[in-house]
There are 2 protein chains.
Amino acid sequence: MVVDMLSEDEVDRLFQALADATRRDIVARVLIAEYSVSGLAEQYDMSFAAVQKHVAVLERASLVTKERRGREQIVRGQVDGVQKARRLLDEYEEIWRQRVDRITDILAADAQDED
Amino acid sequence: MVVDMLSEDEVDRLFQALADATRRDIVARVLIAEYSVSGLAEQYDMSFAAVQKHVAVLERASLVTKERRGREQIVRGQVDGVQKARRLLDEYEEIWRQRVDRITDILAADAQDED
DNA sequence: CATATCTACAACCATATGGTTGTACGTTAC
DNA sequence: GTAACGTACAACCATATGGTTGTAGATATG
């Protein structure tokens, strides 16, 4: 059963956001604890602006949220984004399982014929 | 527990391959049944070469396999690629769940303090 | 053999991506 | 008020991506 109703664009953004090691690391970090954008930037060997862009990509993909706190912007992980992506992949596995079942049925029918 | 041991590059390729609607559709199709590359190309409103490139991306990501049969190249879905990606996402959910548990513990400890 | 089919691959183009530096602006601290 | 901090955003660059057309090789079919 499909519960998600994600547009193709949303799914594109989800997987595209996950297709970068730095961004996956950011997701893991902010699922564990809050970070400011500059706090995140300290963790990586790249400019603040680069990290800022990664966070923006993750935000557009609904994998993190940003919330202003004073002069800082707090980044938090958004687990339902992760869950949506996982459920998508579950559906592919389901498709595959159904094919296996179908093939098993066919083989069973063949066995019947041979009786 | 991590069982996968996928390199960052492999994961990059996996998610990158899934970040395109045409490629996701190809994966779904070849999980259900075999297709030749030209058979796949008929399904989409783009050139044969474009579909060929998409299949190549999926192959590098271990989401499909190609096998020559006469002059055709048969494409099949590779479910373990899908499963690897899903397990990756499971790990993120696990990270998140552990944080929730930790926060719950802290709240419980605070409640203790107030007694 | 001749022809049609399926694939491979190169060359090209427009746009997207991942990075940089520089500038500007709001917020906190002294 | 001034300086330092955190952020936003523009401009720029190199490379990757998703598409095209064209050419060539291998395999089947008449």
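Just so we're on the same page: letters track the sequence lines, and every chain starts at 1.
- Contact check on B:Arg24 versus B:Asp20 returns no salt bridge, with no Lys/Arg side-chain nitrogen under 4.0 Å from an Asp/Glu carboxylate oxygen.
- For the pair B:Arg71 CZ and C:dA4 P, the computed distance is 12 Å after rounding to whole Å.
- Rounded to whole Å, the distance from CD on B:Glu42 to C1' on C:dT5 is 11 Å.
- Residue-level contact check: B:Arg69 touches neither bases nor backbone, having no heavy atom under 4.0 Å from any strand.
- One finds a side-chain N or O of A:Ser47 lying less than 4.0 angstrom from the OP1 or OP2 phosphate oxygen of C:dT20.
- Take the nearest nucleotide of DNA chain C for A:Ala49 and for B:Ala49: the residue whose nucleotide is more 5' is B:Ala49.
- Comparing atom distances between the A:Met46 side chain and each of C:dT20, D:dT21, D:dT7 picks out C:dT20 as nearest.
- Contact between the side-chain N/O atoms of A:Lys53 and the OP1/OP2 oxygens of D:dT7 is not found at any separation under 4.0 Å.
- At distances below 3.5 Å, at least one donor-acceptor pair connects side-chain atoms of A:Arg23 with backbone N or O atoms of A:Ala17.
- Along DNA chain D, the nucleotide closest to B:Arg60 and the one closest to B:Val51 are compared, and the more 5′ of them pairs with B:Arg60.
- Residue A:Asp20 contributes atom CG, which lies 14 Å from atom C1' of D:dT15 at whole-angstrom precision.
- Summarising the geometry, the separation between NE2 on A:His54 and P on D:dT7 is reported as 16 Å, rounded to the nearest angstrom.
- When heavy atoms are screened at a 4.0 angstrom cut-off, A:Thr22 is found touching no nucleic acid atom at all.
- Closest of all the heavy-atom pairs between A:Val37 and A:Gln52 is CG1-CA, 4.2 Å.
- In this structure, B:Gln73 places its CD atom 10 Å from P of C:dC9, rounding to the nearest Å.
- Between D:dT7 and A:Ser38, a contact under 4.0 Å exists linking OP1 or OP2 to a side-chain N or O.
- Atom CZ in A:Arg68 sits about 7 Å away from atom P in D:dT7, given to the nearest Å.
- In this structure, CD on A:Gln78 lies 8.5 Å from CG on A:Leu63, to the nearest 0.5 angstrom.
- The phosphate of C:dT7 (OP1 or OP2) has no side-chain N or O of B:Gln52 nearer than 4.0 angstrom.
- Atom CG of A:Asp45 is separated from atom P of C:dG19 by 11 Å (rounded to the nearest Å).
- Checking D:dT20, C:dT20, C:dC9 against the side-chain heavy atoms of B:Ala50 singles out D:dT20 as nearest.
- Remark: side-chain polar atoms of A:Arg69 are not paired, donor with acceptor, to backbone N or O of A:Ser36 under 3.5 angstrom.
- D:dG25 atom C1' lies 13 Å from atom CZ of B:Phe48, rounded to whole Å.
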